[in-house]
Structure formats: structure tokens, C-alpha cells
Number of protein chains: 2
Amino acid sequence: MTTTTEENYLKAIYHLSSRHQKSVLTSEIAGSLSTTSASVTDMLKKLSDKNLVEYERYKGVRITRKGEKVALSIIRRHRLWEVFLTDVLKFKWDEVHDMAEELEHVSSDELVKRLDSYLGYPKFDPHGDPIPDTNGKVPANGQQLLSEMTSTGTYVISGVNDHSPAFLQFLEKKGLVPGTVFSIMEIDGFDHSMHIEFQNRKSTYISKEVSRNILIKSHA
Amino acid sequence: MTTTTEENYLKAIYHLSSRHQKSVLTSEIAGSLSTTSASVTDMLKKLSDKNLVEYERYKGVRITRKGEKVALSIIRRHRLWEVFLTDVLKFKWDEVHDMAEELEHVSSDELVKRLDSYLGYPKFDPHGDPIPDTNGKVPANGQQLLSEMTSTGTYVISGVNDHSPAFLQFLEKKGLVPGTVFSIMEIDGFDHSMHIEFQNRKSTYISKEVSRNILIKSHA
DNA sequence: AAATAAAATTAGATTAGTCTAAAATTAGAA
DNA sequence: TTCTAATTTTAGACTAATCTAATTTTATTT
Ligand SMILES: [Mn+2]
Ligand SMILES: [Mn+2]
Ligand SMILES: [Mn+2]
Ligand SMILES: [Mn+2]
């Protein structure tokens, strides 16, 4: 029905859509998939013919309900496989993304269903991203960006926005993995760097570059 | 390095090679992959350029040691995934082949290694086929074709040669699954049909069509 | 040893996905 | 509002994999 390439385009368009309300631009997609605008234009026509996106020449593209359903099903598979790789095969959270990029295209619905059941119906993947259910509903997670916090308070790390191994390994080294509880002690007025303290009283500094890629929830 | 298509050709050539000593013919490969001889000829040139097969125009093809290593690594992945699907996700043995056909092309070696370890280093897949090790060594299994038996005796079913769901479901219905112990009571001289008896004294008849697709070992 | 049949290869197209370079359109600055 | 710059689309080409139809080679009969 949809090829691996089409699926990757839909996933990219879906993710880019969730970053703003406007139509997704050709160049955004090209950047996100490391391809050329010319290739993207070709594919947008193809996806439009299949009613997976609404495309208007020079105006960018919006994903349709039908396209969104496909994207969410691929994202569901991706995140379930990531849970499998970390929880069952004991991979580290910075090692699983590329394998999941391949596994997400394995097409059997029954396989995904059984995998979900075997994993105990997880709601979030190892990076704190929510796993859409079979109907494409994404569990609400009350996550906020650490960089958006303006006052002191105690929080728990729930996920990340940058999934690159380099960033994940950096967080690991700093002790900033999902589940970690910490308090914001001070936010610098000039560069928005944060002074945070862990429960064991140790503390560290975080640049805005880092805080804008960390997702948090307030700590009970 | 190798595309999914190239991997499927190598697997087919490897399997066909093991059926006879001679070179594998273009038409055999075309038949096995449900494609045309013209397409096969094109691919044989490509595989030959990569030193994965030795190809001589009009003379058929032999797989090289290098090509065999690739084929065995794909077969290893296929069979390990089949074990995962039956043992872990509880699929039936007639349901797993098509999923394994997709999963076998997921490229991470580390994934296969961890899967193998998680499954407890199985030596055979759910259909009784041996799982090659990392070095491409195939465990000897002392299997024989049921149709080759010429005298009475007691045996245990260890595998099958026909992996189609239809055949596997037929075997299931007849109670002829791997592990089943039975005795050959009589072999008909005319059509080679066999009268066999199970350990519980129940008995049934098996046509040559069926017995030539059942693998057995002698029972201790 | 021809003639014929079977098998394999080549020739020429097609589709999916990609690219570079040129042309068209839109948006921003003067 | 007109000019310029950035973005986007088209045009044309390429690779991988496939097909049909025509040609060539090999094998089998007469
Ligand atoms: Mn991922
Ligand atoms: Mn993830
Ligand atoms: Mn199989
Ligand atoms: Mn098998």
C-alpha cells in the first residue's frame, strides 16, 4: 500500500507539522530527510495523488487524516520496537533508534499487536515519547520543555527532543536520564543557563542548548 | 553493501545449490523467486561483478564462498526471528515465515547477536531447520527424508521441507508436528504410501507427496 | 548432420526514487 | 511598487529492479 520511502516522508511531515500550525514547507522536509527539494516536490505530488497530504504548489503541504493515521501507525511501531530493544534485549537508549528505523517498516499488524501485548502495553518509549494506540490516539503526557521554565521548582525528567546518540550519551554522563528528579536553583538572566540540583545534593549547570531538548514533568 | 533483492537472490541460489551438485540454472532461480529469466540474468551479472557468484553465460551459476557467507547470515537471521515469533510472541509455526522474510533484512549484527542470546542460542527453528552460527557453520542434524525410508522402524519428526501454511496446517491436523514419535508399519510397493502408527496406537496413511516433505530422525 | 525445441540472453521499456541545473514563483528590501 | 533574493518547481538524466518480445545459444530429435 505505502512504500518504505512514502512512510518516511509521512513520518517527517507529521513530526514537522507538530512543530507549528502552518503548512510544512518543501525545504523543511528536504532538510529533515537529508534530500533535495526537487525530490520532495516529486514525492508530495505522489502523496497528494494518494490523498495522504493536501499539497498546493508553492504553498507547502498539510497532512490529511488518512496520512496522519499512516504516520501514527509507523511511529507506534518505531516506539514499541525501541521499548523491545531496551527492555528485552537490554540495549542502551542511545543505541536503539537506527534499528527501530528499520523495524518500523515491517508490515504485519498482528506482529505489532503481539509485541505490544508482550511488552505489557507500554505508554512511553525509552526517550519519553508517547506511544500512539491502535486508533492513533497519542497519550497525553503533561510534558514541558525545561527551557520554558521561568522559576525555581522540583521536576522529573520525562524525555528528550534530540534523539542523537551524542546528545543521549552527554545526558547519561551528566546523570540526566528519564526518571531523574532535580530542582531548578537559578536561571541566568543573560544566557538562560540553569543551575540545577539533584536529590543527592550534587549540582550542575545546563546551557539553553541542552535545556531546550529536555522534557520534564513537575515532581509530586 | 547488499540490497534486500540481492540477499533474496543469494538465499534462493544457496537453497537451490543444496538440492544438487550441478550449477544452478537461470530458470530454477526464476521459478523459485517467481520472476522472469530475463530479470535473473541481469541480477546474475550484478552478483558476479560483486564476486558473490561465479556466473558463466548459458552455463548457470555457482555461489562463491563470499556469497555463501551472505546467504547463511540471512538464513540465520530468518530462523532466529522465526524462533522469536513462535517461542516469545506465541505465533503458530505456519504463521511466522512471511514476517521472518521481512525481519531477516534488518541489518544490525548486534541485534541478531542479542536476539540469539535472549532466545538461549537455539540450534533449530520451529520447522526443524538448523540455524547457522555466526561463522556460517550449519549444525549437523542427522535428518533424513521420510520418503527415503525403505523399511519399518520407529522415528521422530524433526522438520519439514515444504514451509507453506497449507502444508503446515495439514500436518497439524494429522498430528505430524516436530517431536512426534511414530513407527512405519508398512510401505506400499505401488504408490509408496505409508501406513504409520503413533505412540498412542492411533494410525494413519501418508502419501508420497507428503512423506517427501517430512524430515525425520531415528528414535532413541 | 540438420532441424527443431528449449533455455538463456539481449534489447528496449517502465516504475520508483534520486540528483543537478534551469526556469518559475513568491517574499522581502529598497 | 519595482527589483532582488530565496524558495520551489520543472526538465532532463541516472540507477535499481522489473517486464515483454526478439534473438542467440544449447540440447534433443529425427
Ligand atoms: Mn527513535
Ligand atoms: Mn524514541
Ligand atoms: Mn521460513
Ligand atoms: Mn523455518
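What you see is a predicted model; the values in this text were computed from it and never measured. Values below: every heavy atom of this structure, side chains too, minus hydrogens, waters and symmetry copies. Chain naming here is simple, since letters A, B, ... match the order of the sequence lines and numbering starts at 1 in each.
Using a 4.0 Å heavy-atom cutoff across all strands shown, A/S39 reaches at least one base atom of the nucleic acid. A/S27 comes within 4.0 angstrom of sugar-phosphate atoms only, judged by non-hydrogen atoms across all strands, and of no base. Residue contacts for A/T36: at a heavy-atom cut-off of 4.0 Å it reaches a base atom on one of the strands shown. At a threshold of 4.0 angstrom between heavy atoms, the contacts of B/T26 are confined to the sugar-phosphate backbone, with no base atom among them.
Taking atom CG of residue B/L25 and atom C1' of nucleotide C/dT9, one finds them 14 Å apart after rounding to whole Å. Put simply, CG on A/L44 is 17 Å from P on D/dT7, counting in whole angstrom units. Atom-to-atom, CG of B/D42 to P of D/dA16 comes out at 12 Å; the value is rounded to the nearest Å. For A/M1 and C/dA16, the CE to C1' distance is 15 Å, given to the nearest whole Å. Taking atom CD1 on B/I29 and atom P on D/dT18, their separation rounds to 13 Å, with Å as the unit. Whole-Å rounding puts the B/D49 CG to D/dT15 P distance at 14 Å. Separating the CD atom of B/E28 from the P atom of C/dA6 is a distance of 18 Å, rounded to the nearest angstrom. To the nearest angstrom, P of D/dA11 lies 8 Å from NZ of A/K45.
Between B/Y55 and A/S34, the residue anchored closer to the 5' end of DNA chain C is B/Y55, taking for each the nucleotide with the nearest heavy atom.
For B/K11 and B/E7, the salt-bridge test fails: no basic side-chain N is under 4.0 Å from an acidic carboxylate O. The pair B/K50-B/E6 meets the salt-bridge criterion, with a side-chain N (NZ, NE, NH1 or NH2) lying under 4.0 Å from an Asp/Glu carboxylate O.
Residue A/R57 places none of its side-chain N or O atoms closer than 4.0 Å to OP1 or OP2 of C/dA24. Distances shorter than 4.0 Å separate none of the side-chain N or O atoms of A/T3 from OP1 or OP2 on C/dA16. The phosphate of C/dT10 (OP1 or OP2) has no side-chain N or O of B/Y58 nearer than 4.0 angstrom. Regarding contacts with the backbone of D/dT8, every side-chain N or O of A/K59 stays at 4.0 angstrom or more from both OP1 and OP2. Considering only side-chain N and O atoms, B/Y9 lies nowhere under 4.0 angstrom from the phosphate OP1 or OP2 of D/dA16.
Under the 30°/60° scheme for interplanar angles, the aromatic rings of B/W81 and A/W81 are found to stand perpendicular.
For the pair A/V83/A/P126, a side-chain contact is recorded, criterion being any heavy-atom separation below 4.5 Å from C-beta on.
In the set C/dT9, C/dT18, D/dT10, the nucleotide with an atom closest to the side chain of B/S37 is C/dT9.
In this structure, the side chain of A/R76 engages the main chain of A/P132 through a donor-acceptor pair within 3.5 Å.
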